Amino acid sequence: MTATQGRVRPRAIGTPLDRLDGRAKVTGSARYAYEQPVGEPVYLHAVQATVARGRITGIDTEAAAAVPGVLAVLTHRNAPRLADTRDAELAVLQSDAVAFRGQFVGGVVATTSEAARYAASLVRTTYDTQPHDSVLRPDRDDLYAPESVNGGFATDTEQGDVEAALASAAVTVDQTYTTAMNHNNPMEPHTTVAVWNDGELTLYESTQGVHMVRSQVAPLFGLQPDEVHVVSPFVGGGFGSKGTPHAPVVLAAMAARLVPGRAVRFALTRPQMFFVAGYRTPTVQHIRLGADRGGRLTAISVDAVSQTSRIKEFAEQTAVAARMMYAAPHRRTTHRLARLDVPVPSWMRAPGECPGMFAAEVAMDELAEACGLDPVELRIRNEPATDPETGRPFSSRNLVACLREGARRIGWERREQAPRSRREAGHLVGLGVAASVYPVFWMPGSSATVRAGAGGRYTVSIGAADLGTGTWTALAQIAADALEVPVERVELRIGDTAFPPASVAGGSSGITAWGSAVVHAARRLRETYGNAPPDGAEATGETGDNPATERFAMYAFGAQFAEVRVDEETGEVRVPRLVGVFAAGCVINPKTARSQLVGGMTMGLSMALHEESHVDGRLGQVANHDLAEYHIAANADVGDIDVSWIDEDDPHVNPMGSKGIGEIGIVGTAAAVANAAHNATGVRVRDLPITLDKLLGDPGAGNGPAVRRR
Amino acid sequence: MRVTFTVNGRPQEADDVWEGESLLYVLRERMGLPGSKNACEQGECGSCTVRLDGVPVCSCLVAAGQVQGRRVDTVEGLAGEDGELSAIQQAFVDAGAVQCGFCTPGLLVAADELLEHNPSPSDGDIREALSGNLCRCTGYEKILDAVRLAAARTGQGV
């Protein structure tokens with residue numbers, strides 16, 4: 001039996017079950033990594049490099065070591081040698097080289113966090129400083145093409161003759177768009193509690209994947225995977241930054257090795273999170289579109305530039321969405337990287353699609369304007385019959401339905417085609433649209449165990465993660481339906497390597513992968529033991545393969561609409577209304593799903609208007625590295641967000657018929673806001689975030705200022 | 001120094017408190033009350049919100065010495081002795097206002113204080129009262145719903 005054969009009959013699935021972890025979280029009794037009971041812990045505080053590139057020539061730890069309560073001071077000179085240093089991001093304290101400002105150069109272990117922190121401030125480091133290069137510029141002559149981009153996608157693609165098609169196109173768009181560096185900033189800082197016992201390592205970790213941490217950390221310390229135990233029942237958000245291990249877990253494990261048997265608690269401070277926990281690379285995207293007068297695309301060309309670090313490559317797949325989104329016979333995409341003296345970029349919610357669809361969807365708005373077409377109609381005209389990239393049919397594709405429903409909900413008929421035509425009480429008002437897309441990834445490698453207990457109860461175990469996404473609840477619903485029992489009879493156990501292996505909570509693939517394994521295990525139990533299994537009966541199932549992924553292109557789609565109001569006097573931008581309509585297959589739990597989508601759109605709004613990590617090129621660091629200066633959308637920044645989804649039956653994606661929803665919400669929001677801002681003001685902002693200075697406009701461009709000039 | 005104060009109605013004592021020690025540290029590390037969260041340590045995010053003599057404060061910015069002889073209420077004190085959730089706690093669960101849960105304790109304490117002083121708040125009142133509490137997951141909409149729901153259930157709502 002393949003994983004997709006036989007759909008699960010939905011009973012609990014599709015119901016808005018209250019979050020099963022809700023009580024623990026509202027009473028303050030949910031134990032996050034730092035709060036796990038570990039006896040008498042000791043505390044670690046990191047020492048960070050104060051230069052962006054160079055070598056350590058001296059590191060004076062005497063004063064730090066003399067602080068009462070200090071147990072150990074770690075530097076590259078005395079740190080345990082790692083057994084595997086191939087991943088330079090994780091090769092912590094293995095040499096005197098400094099590859100970016102803020103890199104760990106030491107750590108202090110003490111009996112109190114205060115002593116550790118104070119002592120860390122006393123470590124004196126001197127450097128042989130080398131010139132550094134830490135600002136992304138697209139005009140450099142050393143941009144390079146990576147072998148492939150993230151997800152294993154091809155770096156460049158080309159079909160047809162793009163240049164000829166552009167040269168002969170009746171209408172063209174040729175513009176460059178930029179997205180800012182963003183930092184994930186989950187509310188819970190990255191945290192590890194590490195303890196060594198009898199040569200084995202236990203990590204209480206804030207992570208999106210306990211087995212991912214085990215598999216990455218074990219070889220560093222020369223351990224077998226089963227000698228590393230990772231526990232992570234509750235996670236205070238991740239948004240990608242806890243998807244793959246970063247330097248902090250390694251530093252904590254090293255520090256714990258110096259005090260065997262004692263647990264070392266280590267939490268990054270908020271400012272430290274801007275250096276060693278990943279971030280979304282800035283992007284520069286040159287987009288060229290060619291179309292006939294009716295707006296039908298003949299050519300799509302995307303050249304994307306992003307940054308990576310000197311020590312480890314991270315190749316954001318910025319242009320991949322443009323490969324499959326719209327039909328056009330002539331198409332090319334390229335990715336180029338600038339290798340800089342910066343922290344290693346990493347995953348942030350919808351990496352690739354999120355920045356890529358900002359540029360592509362603003363370009364589509366520009367094309368609609370150039371053709372004199374409604375932007376919704378333009379997208380409908382370019383709807384492909386099959387995946388333009390592979391020629392495969394879509395397992396389901398309901399973008400057009402989302403566009404039509406979203407247009408109805410926002411009152412699209414009230415939109416004036418000509419920009420700057422609607423004024424209300426001192427505000428310029430506009431509406432904008434953008435499409436959303438996110439792939440349905442099939443991530444193999446997960447297993448689940450279902451065990452029958454007394455009284456018709458079942459225990460379902462899998463090392464899955466709940467970052468706040470709703471896994472505790474949605475996976476229990478899937479298990480209940482697969483076993484054909486009420487949810488109350490299912491006890492779910494997740495977040496621990498003691499349970500069967502689970503793929504990482506990333507790529508919006510968690511429910512697809514883990515749910516498929518749970519369904520498989522439940523069916524095996526029923527096949528073996530029938531409907532009344534004896535107490536203790538057990539079966540294990542796997543995610544397995546889904547042959548349909550070879551035959552179909554699988555994606556979730558959506559349409560986002562924004563209403564933007566720009567103050568004519570000040571240029572202040574407000575977004576009183578966002579509408580998102582999604583087609584994401586079967587929705588397992590409407591309550592947790594809605595929260596995911598609203599949250600994604602809010603993060604998209606935040607990206608559109610606020611979020612920008614400013615790199616100070618002289619220092620080689622993000623200057624605004626705390627929540628006072630890096631603004632994320634607060635309560636008063638958010639208006640009405642109307643999220644809905646259309647009924648979509650997709651028999652191919654997995655036994656639940658579900659598609660991931662953790663990331664698609666952020667894809668397209670910023671473009672919808674930018675397009676609405678253009679409709680409101682006539683000023684085309686191509687560089688995120690859309691701050692009021694950019695709406696002052698460029699009189700030379702013929703748009704005129706958005707706000708009155710005195 | 002020794003600090004004597006009341007936490008969730010119970011007298012408490014902390015010894016050997018250092019000068020720079022925060023109330024948040026005392027609660028989390030000494031009192032065994034980790035409900036209040038440490039997320040920014042600079043009063044920007046509100047995750048550590050507790051009430052000090054009834055007034056919401058960021059406990060990361062309150063020196064432990066300042067609470068001598070005063071009353072502190074944390075998220076752990078919101079539910080009844082029998083474990084029954086308070087109206088605002090139940091409303092957060094019912095409305096789907098909880099996701100990762102890290103901002104939740106601070107938001108609950110702030111919302112509880114709002115409803116005590118303003119049993120039927122307008123949306124503007126709610127947004128203003130909760131403006132110091134950042135949430136990265138929910139987009140705030142369900143949090144507003146939860147506060148409205150709690151207000152309505154206590155019979156004094158709009």
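By convention in this document, chain letters (A, B, ...) are assigned in the order of the sequence lines, proteins followed by strands, and residues within each chain are numbered from 1. All figures in this text were calculated on a predicted structure; none of them were measured in a lab.
- Taking chain B as the reference chain and counting heavy-atom pairs below 4.5 Å, the highest number among A:T469, A:D466, A:V598, A:L605 is found for A:V598.
- Interface remark: A:Y43 contributes side-chain atoms only to the contact with chain B (heavy atom separation under 4.5 Å).
- With hydrogens and angles disregarded, no donor-acceptor distance shorter than 3.5 Å links the side chain of B:Y25 to the backbone of A:E114.
- Residues A:F234 and B:C100 fail the side-chain proximity criterion, which asks for heavy atoms closer than 4.5 Å.
- Contact count against chain A (heavy-atom pairs under 4.5 Å) is highest for B:P34 among B:G35, B:P34, B:G96.
- The residue among B:L78, B:L107, B:V75 with the most heavy atom pairs within less than 4.5 Å of chain A is B:V75.
- With hydrogens and angles disregarded, no donor-acceptor distance shorter than 3.5 Å links the side chain of B:R127 to the backbone of A:D637.
- For B:L144, the part lying near chain A is the side chain, with the backbone staying farther off; criterion is any non-hydrogen pair under 4.5 Å.
- Proximity to chain A is limited to the backbone of B:N38, based on heavy atoms less than 4.5 angstrom apart.
- Side-chain contact between B:F102 and A:K25: absent, with no pair of heavy atoms (C-beta onward) separated by less than 4.5 Å.
- Between A:E188 and B:R136, none of the side-chain N atoms (NZ, or NE/NH1/NH2) sits under 4.0 Å from a carboxylate O, so this pair counts as no salt bridge.
- Only the side chain of B:E41 has a heavy atom closer than 4.5 Å to any heavy atom of chain A.
- Using a 4.5 Å cut-off between heavy atoms, A:S606 contacts chain B through its side chain alone, with no backbone atom that close.
- Of the possible donor and acceptor atoms, one in the side chain of A:R19 sits under 3.5 Å from a partner among the backbone N and O of B:V98.
- Comparing A:R270, A:M273, A:R31 by heavy-atom pairs within less than 4.5 Å of chain B, the highest count is held by A:R270.
- The contact between B:L130 and chain A is made by backbone and side chain atoms together, counting heavy-atom distances below 4.5 Å.
- Around the OH atom of A:Y118, the shell of radius 6.0 Å holds no more than 12 heavy atoms that belong to other residues, nucleotides or ligands.
- Both the backbone and the side chain of A:R23 come within contact range of chain B, each with at least one heavy atom under 4.5 Å from a heavy atom of that chain.
- Using a 4.5 Å cut-off between heavy atoms, B:E76 touches chain A through backbone and side chain atoms alike.
- Across A:D626, A:I641, A:T269, the residue that shares the most heavy-atom pairs under 4.5 angstrom with chain B is A:D626.
- The candidate from A:P186, A:A633, A:A628 with the greatest count of non-hydrogen atom pairs under 4.5 Å with chain B is A:A628.
- Salt bridge absent: B:E141 and A:R594 never bring a charged side-chain N and a carboxylate O closer than 4.0 Å.
- Side chains of B:E44 and A:Y630: a donor-acceptor N/O pair is absent below 3.5 angstrom, by distance only.
- Contacts of A:V235 with chain B are made by backbone atoms alone, with heavy-atom separations under 4.5 Å and no side-chain atom involved.
- Residues A:F239 and B:C137 share a closest heavy-atom pair of CZ-SG, 3.7 Å.
- Interface summary for chain B: among A:P16, A:P41, A:P189, A:G600, the most heavy-atom pairs under 4.5 angstrom belong to A:P189.
- There is no contact between B:E21 and chain A, counting heavy-atom distances below 4.5 Å.
- Here B:G83 is the residue among B:G124, B:P105, B:G83 with the most heavy-atom pairs under 4.5 Å with chain A.
- In this structure, the portion of A:L467 lying under 4.5 Å from any heavy atom of chain B is its backbone and not its side chain.
- Contact check for A:M187 versus B:C135: no side-chain heavy atoms found under the 4.5 Å cut-off.
- The CD1 atom of B:I143 sits 7.0 Å away from atom CG of A:N635, with the distance rounded to the nearest 0.5 Å.
- Heavy-atom pairs under 4.5 Å with chain B were tallied for A:L597, A:L268, A:N184; the largest tally goes to A:N184.
- Atom CD of B:Q68 has more than 12 heavy atoms from other residues, nucleotides or ligands within 6.0 Å.
- With respect to chain A, the highest number of heavy-atom pairs below 4.5 Å among B:E128, B:K142, B:Q89 belongs to B:Q89.
- By the 4.5 Å heavy-atom criterion applied to side chains, B:D94 and A:D18 are counted as neighbours.
- Residue B:D16 qualifies as open at atom CG: its count of foreign heavy atoms under 6.0 Å is 12 or below.
- Between the OH atom in A:Y34 and the NZ atom in B:K37 there is a gap of 12.0 Å [rounded to 0.5 Å].
- Among the candidates B:L33, B:T104, B:I126, B:V93, the residue making the largest number of heavy-atom pairs closer than 4.5 Å to chain A is B:V93.
- Interface residue B:T138: only backbone heavy atoms are found under 4.5 Å from chain A.
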